Number of protein chains: 2
Amino acid sequence: MAVEPTADAGAATAELTAVLVAVTGDAPRVLTIQDGQALPSGPFESNHPTLQLGLRAWVERQTHHPLGYVEQLYTFADKDRGHAGARVISICYLGLTRETRASGARDPGWQSWYRYFPWEDWRDGPPALIARAIVPRLRAWARAAPGNATKRARGARIAIDFATGDTAWNEDLVLQRYELLYEAGLVPEARRRGAAAADSALPGTAMLHDHRRILATGMARLRAKIKYRPVVFELMPPAFTLLELQRAVEALAGRRLHKQNFRRLIDQQQLVEETGQMSAATGGRPAQLFRFRPTVLLERAVAGTKLPLSRPA
Amino acid sequence: MAVEPTADAGAATAELTAVLVAVTGDAPRVLTIQDGQALPSGPFESNHPTLQLGLRAWVERQTHHPLGYVEQLYTFADKDRGHAGARVISICYLGLTRETRASGARDPGWQSWYRYFPWEDWRDGPPALIARAIVPRLRAWARAAPGNATKRARGARIAIDFATGDTAWNEDLVLQRYELLYEAGLVPEARRRGAAAADSALPGTAMLHDHRRILATGMARLRAKIKYRPVVFELMPPAFTLLELQRAVEALAGRRLHKQNFRRLIDQQQLVEETGQMSAATGGRPAQLFRFRPTVLLERAVAGTKLPLSRPA
DNA sequence: CTTTAAAATACTCAATTTGAGTATAAAGGA
DNA sequence: TCCTTTATACTCAAATTGAGTATTTTAAAG
C-alpha cells in the first residue's frame with residue numbers, strides 16, 4: 001500500500017475559491033463577481049509558503065480588504081466541474097472580514113446571502129415560500145420515488161431539513177437543504193447534470209458552476225461555528241453596541257435571539273468590555289459602546305462561546 | 001478579480017492521505033504503513049467521479065476493509081513538505097471502519113493512536129508525563145521568549161492546552177497541543193524546519209513528513225464529532241453491549257464517562273434497540289446485546305447526540 | 001412641554017439538563 | 001456460600017436554558 005506518486009498520476013490544476021463574509025447592519029454579505037453569479041476564485045500561485053498565506057495575499061490584493069479569520073472549507077475535485085480534460089482541484093476557503101462600506105459607494109460585489117438562499121432567513125418567522133413552494137414540490141418528488149423505502153427516506157429528509165414534522169428548524173442544515181433541492185431537481189444547477197430536469201425556478205438566484213453549493217457549505221460552517229467559537233468578532237467594527245452584536249449574529253443565524261439572554265451570555269463569558277463611550281443613538285436610549293476583550297483573541301481556540309439561539313417558536 | 005486559470009499557474013500533483021480509525025476493545029487504532037511511521041497515502045487517480053469515491057475505492061482496494069463513514073479533513077499544499085520542486089497537494093481524509101480483527105492475526109498496521117500521543121490518554125487520570133516532562137519544558141520555553149507579551153501569551157497557551165490553570169482538560173485540543181509542542185521544539189519533526197532544535201525526545205513516536213500533524217487533526221475532529229453526531233456507530237460491530245459502546249467512546253475521547261449517565265443519554269436519544277440476545281458474559285452479570293436503530297443512519301445528519309463526557313475530575 | 005417610540009437594563013421563574021451519587025439485582029467462579 | 005463483576009433502577013442538587021415582566025433612559029414628534 002502507499003507509495004511514491006508517479007510522475008503524472010496525480011497531475012492536476014489547483015485553484016482557490018473563497019467565501020468571503022461580512023455583515024453590514026442586518027445583512028450577511030458575501031463577496032461575488034460576475035454580477036453576483038460567482039464566487040471569487042483564481043489560480044493558486046505557488047510562491048507562497050502555505051495555502052492559507054497564499055489565499056490571504058490573493059484576497060487582499062484583489063479586494064483591498066484585510067482578512068480577519070480564515071478557515072479551509074472543503075476541497076472539490078469532482079470530475080465534471082465544467083472544465084473538461086484536466087482535473088481541476090478547487091480548494092475553498094471561508095474568510096471573515098470587517099464591514100465593507102468602503103467610502104459611501106455601495107460595492108455591488110457584496111450581496112446578501114439570502115439572495116441565493118431566501119428560505120434560510122427565518123428572522124421574520126418561517127418564510128412563506130417554504131410552505132407555499134418548496135414543501136409541496138418536495139413532497140411530489142418524494143411520492144414519485146421508485147420504491148416504498150425510498151419514498152419514506154425522502155419524506156424523512158424533508159421533515160428533518162425543512163421542519164415539517166415535530167423537529168424544529170435547524171439553521172445549520174444549509175447544505176443538506178440545498179442538496180435536497182438539488183436532488184429533487186428544484187434548482188436550475190441540477191439541470192446540467194443527470195438529475196431530474198429542473199422545474200420552474202424556485203426563488204433564489206443560482207450561481208455558476210457549483211458555487212452555490214460552496215456558498216451553502218460556508219454558511220453552514222459559519223452558522224455552526226458561531227455557537228461555540230467567538231468568531232463574530234471578526235465581523236464587527238472596533239466598537240459596537242450589544243444590539244449591533246446581536247443583530248450580526250441574528251443575520252448569520254437567520255433567526256431571532258432573546259435579547260436579555262443574549263446579554264446574559266455575553267457578559268457571563270466576559271467577551272467584551274466597555275469603552276466608556278456611548279453610541280450616537282439611532283432612536284431610543286443611547287447604548288454603550290463595547291469592544292472585544294483582547295484576551296479573547298488568544299482564547300479563541302477554546303471557550304465555549306455558546307449563543308442563545310432561540311428555540312422552536 | 002477572478003479568472004480563467006492560465007495554463008500552468010496552478011499546476012500541481014495531488015495525493016490522498018487517510019486517517020483510518022477503528023476501535024478494538026479499548027484501544028483506538030489508526031492504520032499505518034512503513035512500520036508505523038506513516039499514514040497510508042498515494043497518488044490521486046483521476047478516473048473517479050468524486051474525490052470521496054476515489055478515496056473509498058483506493059482504501060478498499062488497499063486494505064480490504066469496507067469503509068463506513070468518510071469525511072474530508074484538510075488539504076495541505078505547503079511549500080516544503082519534503083518534495084522539492086513541484087508542489088504536492090495532499091488531500092487528507094478521516095475514515096471510520098469496523099473492528100479490524102481480520103482472522104486472528106493481529107495486523108501490525110493498526111496502531112493505538114496513543115502510541116503517537118501518549119499525553120492524550122486521560123482514562124487513568126492525568127498522564128504523569130505531562131507534569132513531569134511536558135509542562136516543565138514548555139514553561140522553560142515560555143520563559144525564554146523574547147518579549148514580555150510573548151512570554152505571557154505562551155504561558156496562557158500552555159495553561160489552556162494542558163490544563164495547568166483553572167480551566168479543565170479539553171480533549172478536543174489535540175492539534176493545538178501538538179502545535180504547541182512543535183513550536184517549542186519538543187517533537188523531533190520540528191528539527192527539520194526552522195524551529196528551535198528539538199530537545200531530547202519526548203515519549204511518543206514521531207512520523208514521517210507531517211503525518212503526525214495530520215493524525216492530530218483527525219483525532220481532534222473525531223473527538224469533537226462524537227459529542228454531537230452518532231458516528232461511534234461506524235466503529236462498532238453489528239451487536240454490542242452498552243459497556244462496549246461506552247468503552248469505545250472512552251477510547252476515542254481519552255477519558256472516562258459516568259456509566260449511568262451515559263446510558264440515560266443513549267436511551268433518551270433512542271439510538272439503540274435490544275436484539276434480545278445476551279452477551280457471553282466476560283465476568284459479571286451478562287449484558288444485553290444492542291444494535292443501532294436503522295433510522296439513526298438516516299438521521300445521522302441531525303440529532304444532538306451529546307455524550308456525557310465527564311467534567312474536570 | 002407632553003407623548004411616544006426605541007432602546008437599555010434589572011429581575012424573576014419554571015423547566016430541563018447535567019453531574020454525581022446510592023441502592024439493588026443478576027450471574028459466575030472460588 | 002461468599003466474592004467479584006457487571007447491569008439496572010432511582011434520587012438529588014446544581015447549573016443551564018428559555019421565556020417572561022417591569023422599569024429606566026433617551027431622542028424626537030406633536
Side-chain angles (χ1 to χ4, degrees), chain A residues 25-26 122 125 168-171 226-228 239-250 253 255-270 272-290 303-313, chain B residues 25-26 122 125 167-171 227-228 239-250 253 255-270 272-290 303-313:
Chain A
D26 57 0
W122 282 53
W169 174 257
N170 181 344
E171 68 276 359
I226 49 173
K227 282 177 208 151
Y228 62 98
F240 50 85
T241 70
L242 293 180
L243 188 60
E244 284 165 354
L245 182 61
Q246 183 179 342
R247 292 283 177 255
V249 175
E250 289 175 339
R255 37 159 76 201
R256 291 279 165 219
L257 304 182
H258 186 275
K259 190 200 278 193
Q260 293 89 327
N261 293 349
F262 179 79
R263 290 171 187 225
R264 174 170 67 189
L265 226 64
I266 292 295
D267 73 53
Q268 264 175 16
Q269 313 214 163
Q270 304 196 288
V272 298
E273 59 189 15
E274 306 179 358
T275 61
Q277 297 168 303
M278 304 298 269
S279 83
T282 59
R285 169 175 168 179
Q288 272 189 83
L289 285 171
F290 290 82
T305 312
K306 302 191 231 167
L307 291 172
L309 294 175
S310 34
R311 267 295 160 77
Chain B
D26 57 0
W122 281 54
T167 51
W169 174 257
N170 182 344
E171 68 276 1
K227 282 179 207 152
Y228 63 98
F240 48 85
T241 70
L242 293 182
L243 189 59
E244 286 165 353
L245 182 61
Q246 183 179 341
R247 292 283 178 255
V249 175
E250 290 174 339
R255 38 158 74 198
R256 292 280 166 218
L257 304 182
H258 184 273
K259 191 200 276 193
Q260 293 89 328
N261 293 347
F262 179 78
R263 290 172 185 221
R264 174 170 68 189
L265 224 66
I266 293 295
D267 73 53
Q268 265 174 15
Q269 312 211 165
Q270 305 197 288
V272 299
E273 60 190 13
E274 306 178 359
T275 60
Q277 297 168 304
M278 303 299 268
S279 82
T282 59
R285 170 175 169 179
Q288 274 190 82
L289 284 171
F290 290 83
T305 312
K306 301 190 234 167
L307 291 172
L309 294 175
S310 34
R311 268 294 159 75

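Computed from a prediction, not measured in an experiment: that's the story for all the values here. Letters go in sequence order (proteins before strands), and every chain restarts at 1.
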What is the distance, rounded to the nearest whole Å, between atom CD1 of A/I266 and atom P of D/dT17?
13 Å
Please state how far atom CD in A/Q260 lies from atom C1' in C/dA7, giving the value in whole angstrom units.
12 Å
Given the options B/L289, B/D267, B/I266, B/V272 meets side-chain contact (heavy atoms from CB on, under 4.5 Å) only with B/I266
I'd like to know if A/R285 reaches the base of C/dA7 with its side chain, counting only an N/O donor and acceptor under 3.5 Å.
no
By nearest heavy atom, map A/M278 and A/R264 onto DNA chain D; which one lands nearer the 5' end?
A/R264
B/Q268 vs C/dT17: side-chain N/O to OP1/OP2 distance below 4.0 Å
no
Is there a side-chain contact between A/K227 and A/E171 (heavy atoms, below 4.5 Å)?
yes
Mind listing the closest non-hydrogen atom pair of A/F290 and A/T275 along with its distance?
C-CG2, 3.7 Å
Under 4.5 Å between any side-chain heavy atoms of A/R247 and A/R256, yes or no?
yes
Grab the CZ-C1' distance between A/F262 and C/dA8 for me, whole Å please.
14 Å
Taking the side chain of A/K259 as its heavy atoms from C-beta onward, which of D/dA7, C/dT12, C/dT9 lies nearest to it?
C/dT9
Nucleotide D/dG20, atom P - distance to CZ of A/R263 in whole Å:
17 Å
Rounded to whole Å, CZ of B/R256 lies from P of C/dG19 at a distance of 17 Å
Rounded distance in Å - CG (B/L243) to P (C/dA27):
17 Å
For B/R255 and B/W169, work out which heavy atoms get closest and say how close.
NH2-O, 2.8 Å
Side chain of A/A287 only, please: which of C/dA8, D/dC12, D/dA7 is the nearest?
C/dA8
Distance check needed: C/dA6 C1' versus A/L242 CG, whole Å only.
16 Å
note: A/Q246, atom CD; C/dT9, atom P; distance rounded to Å ~ 13 Å
Listed nucleotide nearest any side-chain atom of A/H258, set D/dG20, C/dT18, C/dG21
D/dG20
